[in-house]
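Here the structure comes first, spelled out in structure tokens, and everything after it is commentary.
Worth saying up front: this structure is predicted, and the values here are computed from it rather than measured. Remember, it's 1-based here, ligands and their atoms both numbered in the order they're listed.
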Amino acid sequence: MNDHQRNGIGMTSQRTRNRLVKRLRDNGIKDETVLDVIAQTPRHLFVDEALSHRAYEDTALPIGNGQTISQPYIVARMTETLLAAGPLEKVLEIGTGSGYQTAVLSPLVKKVYSVERIEPLQKRAAQRLRELGYRNLSLKLSDGSWGWPEYGPFDGIIAAAAPEQVPDSLLQQLADGGRLIMPVGGAEQKLVLITRHGEHFSRKTLESVKFVPFLPGVQN
Ligand code: SAH
């Protein structure tokens, strides 16, 4: 990876990225640290080259295997919400996908644990993140409904796929005071923020969203 590829030109240039950040700010994203990270993250390298000219539009884009890279607004909103109560050390991400959300979390927290259930996507994301120099990550092919108990409890849990209900295993792997944000529902989905207070979990419903379904098992 040379600087030219990383920094982008034309439709992937810093100017194009700054336009996206302005749009996110206009749409209500307030955390400037999160916006800075979005401005610095080369989203064009997380999609197919044929789509790279659209990488700084505020839309989800296909990444193969019927999945999508999340919309920048949603990545920003979920990251901002996850971090709103203060800095986080260990974060579990479910649905690595392209690795874009993982890359955005990387500079903002101490360590990211990210799982993906589709093997080709998982491999591609792991290679891409390694080549781009992200180091504070542990990635694996796994069904996120099991969480990652060896490394829990987590201060934050974030998912990019919507189950009908928040899996109990994830609640169990949330640290006391920890925050979980994920889409929940079927045809109608809402972002849900859960905070753990000992054995009590407080739940807040945020905006309507449209994510891919949270599916069981791994796929090779
Ligand atoms: N944040 C990613 C989003 C990818 S789409 C990005 O911006 O690229 C959501 C991903 O969740 C898909 O890749 C899908 O395969 C994955 N997924 C769905 N259910 C899952 C599960 N139970 N465990 C792990 N990953 C899952």
Side-chain angles (χ1 to χ4, degrees), residues 20 24 34 37-38 41-48 51-52 54-82 91-109 112-130 132 134 137-149 151-152 154 156-173 180-186 189 191-192 209-220:
L20 169 64
L24 299 181
V34 171
V37 172
I38 294 210
T41 306
R43 191 168 183 257
H44 64 286
L45 301 178
F46 290 82
V47 295
D48 252 23
L51 286 172
S52 58
R54 299 191 56 197
Y56 298 97
E57 290 176 16
D58 190 21
T59 53
L61 293 167
I63 54 170
N65 295 83
Q67 307 303 317
T68 55
I69 182 171
S70 303
Q71 181 191 358
Y73 169 79
I74 286 293
V75 171
R77 165 66 72 221
M78 289 176 79
T79 307
E80 167 179 88
T81 307
L82 195 67
V91 173
L92 173 67
E93 179 192 30
I94 294 153
T96 317
S98 66
Y100 177 66
Q101 169 80 72
T102 325
V104 169
L105 283 169
S106 165
L108 294 168
V109 306
V112 187
Y113 299 85
S114 183
V115 302
E116 167 59 53
R117 63 177 289 279
I118 300 180
E119 189 170 29
L121 291 180
Q122 199 277 331
K123 284 198 161 142
R124 226 176 299 148
Q127 186 186 358
R128 179 181 283 141
L129 290 163
R130 200 170 41 243
L132 287 170
Y134 293 97
L137 315 173
S138 287
L139 307 167
K140 79 165 171 175
L141 178 69
S142 173
D143 174 354
S145 56
W146 305 322
W148 200 336
Y151 292 114
F154 300 97
I157 299 181
I158 182 168
E164 292 284 347
Q165 279 184 14
V166 177
D168 204 49
S169 53
L170 298 185
L171 296 176
Q172 294 318 318
Q173 288 169 40
L180 172 153
I181 184 159
M182 66 193 298
V184 176
Q189 299 172 5
L191 268 187
V192 168
V209 285
K210 184 95 195 78
F211 277 89
V212 297
F214 193 105
L215 298 174
V218 297
Q219 180 185 316
N220 299 108

Which one of Ala60, Gly64, Gly95 has a non-hydrogen atom at the shortest distance from atom 2 (C) of ligand 1?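 Looking at heavy atoms only, the winner is Gly95.
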Distance filter under 4.0 Å to [X] heavy atoms, resulting ligand 1 atoms:
X	answer
Asp143	21 (C), 22 (N), 23 (N)
Phe214	19 (N), 22 (N)
Gly97	4 (C), 8 (O), 13 (O)
Leu121	13 (O)
Ile94	23 (N), 24 (C)
Ile118	15 (O)
Pro213	18 (C), 19 (N)
Gln101	1 (N)

Examine distances only and state if a side-chain atom of [X] and a backbone atom of [Y] form a donor-acceptor pair shorter than 3.5 Å.
X	Y	value
Gln173	Trp148	yes
Thr96	Val115	yes
Asn65	Gln67	no
Ser106	Thr102	no
Ser169	Ser145	yes
Arg117	Pro216	yes
Glu93	Ile158	no

Tell me whether Thr96 reaches ligand 1 (any heavy atom closer than 4.0 angstrom to a ligand atom).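 The answer is yes: ligand 1 sits under 4.0 Å from a heavy atom of Thr96.
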Sub-4.0 Å heavy-atom approach of Ser142 to ligand 1: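 Distance cut 4.0 Å: Ser142 passes for ligand 1.
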State, to 0.1 Å, how close [X] and [Y] come at their nearest heavy-atom pair, and which atoms those are.
X	Y	answer
Ile118	Leu141	C-CD1, 3.8 Å
Leu24	Ala76	CD1-CB, 4.2 Å
Val209	Pro183	CG2-CB, 3.9 Å

A side-chain contact here means heavy atoms from C-beta on lying under 4.5 Å apart; do Ser70 and Gln101 qualify?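 Sidechains of Gln101 and Ser70: no contact.
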Sub-4.5 Å side-chain heavy-atom contact between Tyr56 and Pro42: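 Yes, side chains in contact.
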For [atom], what's the nearest protein heavy atom and its distance?
atom	value
atom 9 (C) of ligand 1	Ala160 O, 3.3 Å
atom 23 (N) of ligand 1	Gly144 N, 2.7 Å
atom 18 (C) of ligand 1	Ala161 CB, 3.4 Å
atom 13 (O) of ligand 1	Glu116 OE1, 2.7 Å
atom 20 (C) of ligand 1	Arg117 CD, 3.3 Å
atom 12 (C) of ligand 1	Gln67 OE1, 3.3 Å
atom 8 (O) of ligand 1	Ser98 OG, 2.6 Å

Given that the side chain starts at C-beta and the backbone is N, CA, C, O, which of these parts of [X] lies under 4.0 Å from ligand 1, counting heavy atoms, or is it both or neither?
X	value
Ser70	both
Thr102	neither
Thr68	backbone
Pro216	neither

Can you check whether Leu215 has an N/O within less than 3.5 Å of an N/O in ligand 1?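 Yes, since at least one N or O of Leu215 sits under 3.5 Å from an N or O of ligand 1.
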Tell me whether Tyr100 has any N or O atom under 3.5 angstrom from an N or O of ligand 1.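 No; the residue has no nitrogen or oxygen that sits under 3.5 Å from a nitrogen or oxygen of the ligand.
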Tyr100 and Phe46 aromatic ring geometry - parallel, tilted or perpendicular at 30°/60° bounds: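 Perpendicular, since the angle between the ring planes exceeds 60°.
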Would you say Lys140 has more than 12 foreign heavy atoms packed within less than 6.0 Å of its NZ?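 Count over threshold, so yes.
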